[in-house]
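This report refers to the structure that appears directly beneath it.
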Amino acid sequence: MNAVEVKNVSKTYGSRKVVNAVSFSLGRQEILGLIGPNGAGKTTCIRMIMDVIKPDSGEVFLFGEKFNNNLKNQIGYLPEERGLYRQKSILQSMVYFAGLKGIRSDIALQQAEQWLVRVNLHTHKNKKVAELSLGMGQLVQTLVTLLHNPGVIILDEPFNGLDPVNVQLVKDIILEQKNQGKSIILSTHRMNDVEELCDRVFMINQGQNVLYGSLSEIKAGFRSRAVKLEYDGNLPEMKGMTVKTANNHRAEIVFESHLTHQQILEELVRQGVIINRFEIATPSLNEIFIQLAGGRK
């Protein structure tokens, strides 16, 4: 049974169909990257999962059930728009929001202290939220999301405002949560982080599913007609092949569609080039994103 199942959901605002017959799932102990350009429908999908808004058609299931009050505390949500009370202290904020999720204040206080130690904010626990830097506020909001120990965690741009040290800290926490059995949706524009953290990716554009699967499946589907080489000798001119880059005995060769990777390798060897590494070039997720999102009208 999946942690989240989104089945053929659609949502229209006025004359605009923001989400159009979208389906995807979040498995147990999985990190799913939810990506797409601004205005693609990501936030609407998240809000339908959380039952903040209802789909016009289609269904959403959480742990095999339709959303209900008994399940609402099973979700931890880090919104892109932050929502801490500026005049409360860090500790007061954490205990308050945990209480809204049904956690007793004494337990919330103990767990909040432990989390603040974990992210090196314990000495700041009595500071008001208004006094925090952007990065510190982001860390506190992340802790608020996790404090009630939800089974499903939805993180919308969790690395905003963080320096590289704290980006790595939050990544470590995300992976720890996964290893503890949590299911996580990561919505971000940082494609390198999606590649690093996510098991599968769902991309939405203009309200429709344009990409869905594991990173290996996705990259295999976008495998380019190019190879990367490390070699000794001189690269000859070859019909149907163009040397795109060549530096320090490393090169990328682009070839025409009637040729195969095997034919490229055989021709190089025939021409006397010593091949130390031969790799089929695959685009990064960032390149794939730009290719798909750039096709918008």
Side-chain angles (χ1 to χ4, degrees), residues 2-26 30-62 66-67 71-84 97 100-101 134 137-138 140-142 144-146 150-162 170 174 177 182-191 193-194 197-198 200-212 285-286 288-290 292-297:
N2 288 317
V4 175
E5 192 79 39
V6 176
K7 293 187 175 183
N8 205 35
V9 298
S10 297
K11 187 66 183 179
T12 300
Y13 292 116
S15 61
R16 181 172 172 238
K17 203 156 199 174
V18 180
V19 174
N20 185 9
V22 159
S23 297
F24 63 91
S25 63
L26 172 67
E30 179 185 51
I31 303 177
L32 176 72
L34 176 59
I35 63 174
N38 292 332
K42 300 186 301 296
T43 300
T44 300
C45 285
I46 289 172
R47 289 175 176 168
M48 286 190 286
I49 291 171
M50 297 178 59
D51 202 45
V52 174
I53 59 175
K54 301 283 188 183
D56 298 329
S57 60
E59 296 177 303
V60 178
F61 297 92
L62 188 65
K66 287 192 174 182
F67 198 95
L71 291 172
K72 66 180 181 181
N73 291 342
Q74 284 294 311
I75 294 181
Y77 176 45
L78 174 69
E80 186 174 10
E81 303 82 16
R82 307 310 177 217
L84 299 175
F97 282 106
L100 295 181
K101 295 292 187 177
L134 178 61
Q138 177 77 348
V140 173
Q141 186 83 59
T142 301
V144 166
T145 303
L146 303 175
V152 172
I153 301 166
I154 302 175
L155 304 173
D156 195 351
E157 298 294 351
F159 308 113
N160 279 353
L162 299 181
V170 171
I174 290 171
Q177 291 293 303
K182 309 300 176 58
S183 301
I184 301 163
I185 293 176
L186 173 62
S187 179
T188 180
H189 289 109
R190 296 166 53 117
M191 295 300 106
D193 295 330
V194 174
L197 296 171
C198 295
R200 290 188 302 135
V201 175
F202 175 78
M203 180 175 177
I204 186 171
N205 192 11
Q206 295 184 328
Q208 295 181 315
N209 171 15
V210 295
L211 197 67
Y212 185 40
L285 186 59
N286 193 64
I288 294 170
F289 181 98
I290 291 171
L292 293 176
R296 292 189 297 169
K297 294 180 180 181

Heavy-atom side-chain contact between [X] and [Y] under 4.5 Å:
| X | Y | value |
| --- | --- | --- |
| Tyr212 | Ser25 | yes |
| Leu211 | Phe289 | no |
| Pro37 | Met203 | yes |
| Ile204 | Asn209 | no |
| Val9 | Ser23 | no |
| Pro150 | Gln74 | no |
| Ile53 | Thr44 | yes |
| Glu5 | Val60 | no |

* To do: Report the C-alpha distance between Ser10 and Val19 in whole Å, list the side-chain angles of each, state the deciding distance to 0.1 Å, and finish with yes or no for side chain to side chain contact (heavy atoms under 4.5 Å, CB included).
  => CA-CA 5 Å; Ser10 297; Val19 174; 5.5 Å; no
* Could you point out which residue of Thr145, Ile31, Ile185 forms a side-chain contact (heavy atoms from CB on, under 4.5 Å) with Leu155? =>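 Exactly one pass, corresponding to Thr145.
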What distance do [X] atom [atom1] and [Y] atom [atom2] have between them, rounded to the nearest 0.5 Å?
| X | Y | atom1 | atom2 | answer |
| --- | --- | --- | --- | --- |
| Ile154 | Ile75 | CD1 | CD1 | 5.0 Å |
| Leu32 | Arg200 | CG | CZ | 5.5 Å |
| Cys45 | Leu34 | SG | CG | 6.5 Å |
| Phe159 | His189 | CZ | NE2 | 14.0 Å |
| Lys17 | Lys11 | NZ | NZ | 11.5 Å |
| Ile288 | Met191 | CD1 | CE | 10.5 Å |

If every non-hydrogen atom of [X] is compared with every non-hydrogen atom of [Y], which pair is closest and at what distance?
| X | Y | value |
| --- | --- | --- |
| Gln138 | Leu78 | NE2-CD2, 4.4 Å |
| Ala21 | Asn8 | CB-OD1, 3.2 Å |
| Val22 | Phe24 | CG1-CD2, 3.7 Å |

* Give the C-alpha distance, both sets of side-chain angles, the deciding distance and a yes or no for side chain to side chain contact (heavy atoms under 4.5 Å, CB included) between Thr12 and Asp56. => CA-CA 7 Å; Thr12 300; Asp56 298 329; 3.6 Å; yes
* To do: Could you tell me whether the side chains of Thr188 and Glu157 share a donor-acceptor contact shorter than 3.5 Å?
  =>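 Their side chains do contain a donor-acceptor pair, which is all the 3.5 Å distance test asks for.
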* Walk me through it: do Ile153 and Ser183 pass the test side chain to side chain contact (heavy atoms under 4.5 Å, CB included)? => CA-CA 6 Å; Ile153 301 166; Ser183 301; over 6 Å; no
* What pairs of residues pass the salt bridge (Lys or Arg N to Asp or Glu O under 4.0 Å) test when at least one of them lies in residues 38-54, not counting sequence neighbours? -> Asp51-Lys54
* Residues forming a side chain to side chain contact (heavy atoms under 4.5 Å, CB included) with Asn73, sequence neighbours excluded ->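 Here the qualifying residues are Lys101.
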* In chain order, what residues pass the side chain to side chain contact (heavy atoms under 4.5 Å, CB included) check against Val4, with sequence neighbours excluded? -> Val6, Leu26, Ile49, Leu62, Val152
* To do: Start with the C-alpha distance between Asn160 and Glu80, add both sets of side-chain angles, then the distance that settles side chain to side chain contact (heavy atoms under 4.5 Å, CB included), and finish with yes or no.
  => CA-CA 8 Å; Asn160 279 353; Glu80 186 174 10; 4.1 Å; yes
